[in-house]
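No hydrogens, no waters, no symmetry mates; every other heavy atom, side chains included, goes into these values.
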Amino acid sequence: MSDAFNTPVSVDPRLLEVLVCPVTRGKLTYDRDASELISVGAKLAYPIREGVPIMLAEEARQLD
């Protein structure tokens with residue numbers, strides 16, 4: 001968190017442009033509310049912790 005009011009840390013937009021899913025190599029969608037990067041092809045949601053995307057499949061949440 002970025003301050004005393006627990007405002008989420010944002011991710012650099014330039015970083016989001018170059019990141020791809022490590023499983024499918026496909027495009028990711030940024031879900032700001034959930035603080036996740038979504039891979040529709042792999043049906044995975046990669047967490048973003050303290051502004052850092054965690055791009056490990058074993059750390060990702062499975063999507064239904």
Enquirer: Shortest non-hydrogen contact from Cys21 to Ser39?
Expert: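 That would be SG-OG, 3.3 Å.
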Enquirer: Indicate the atoms forming the closest heavy-atom contact of Pro53 with Gly51, along with that distance.
Expert: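 Residues Pro53 and Gly51, closest heavy atoms: CD-O, 3.7 Å.
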Enquirer: CG/Asp12 to CD/Glu17 distance, rounded to the nearest 0.5 angstrom?
Expert: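 Nearest 0.5 Å value for the CG-CD distance: 8.5 Å.
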Enquirer: Pair Leu16, Leu37 - check side-chain contact (heavy atoms from CB on, under 4.5 Å), show working.
Expert: CA-CA 9 Å; Leu16 295 176; Leu37 292 173; 3.5 Å; yes
Enquirer: Over all heavy atoms of both residues, which pair between Pro22 and Met55 is shortest? Give the atoms and the distance, please.
Expert: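 Closest heavy-atom pair between Pro22 and Met55: CG-O, 3.5 Å.
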Enquirer: Which heavy-atom pair separates Ala45 from Ile38 by the least distance, and what is that distance?
Expert: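 In terms of heavy atoms, the two residues are closest at CB-CD1, 3.5 Å.
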Enquirer: Does any part of the side chain of Val23, heavy atoms only, come nearer than 4.5 Å to the side chain of Leu44, both counted from C-beta?
Expert: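 Yes, at least one pair of side-chain atoms sits under 4.5 Å.
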Enquirer: Any link between Leu15 and Val52 through a network of hydrophobic side chains (Ile, Leu, Val, Met, Phe, Trp, Tyr) touching at under 4.5 Å?
Expert: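 In one cluster with Leu15: Val52, no.
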Enquirer: Quick check: is Leu63 connected to Tyr46 through a chain of hydrophobic side chains (ILVMFWY, heavy atoms under 4.5 Å apart)?
Expert: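 The answer is no; the residues belong to distinct hydrophobic clusters.
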Enquirer: Do the charged groups of Glu36 and Arg49 touch, with an N to O distance under 4.0 Å?
Expert: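 Result for this pair is no, no salt bridge flagged.
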Enquirer: Identify the two heavy atoms, one from Glu59 and one from Pro47, that lie closest to each other, and give their separation to 0.1 Å.
Expert: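 Taking every non-hydrogen atom into account, O-CD, 3.6 Å.
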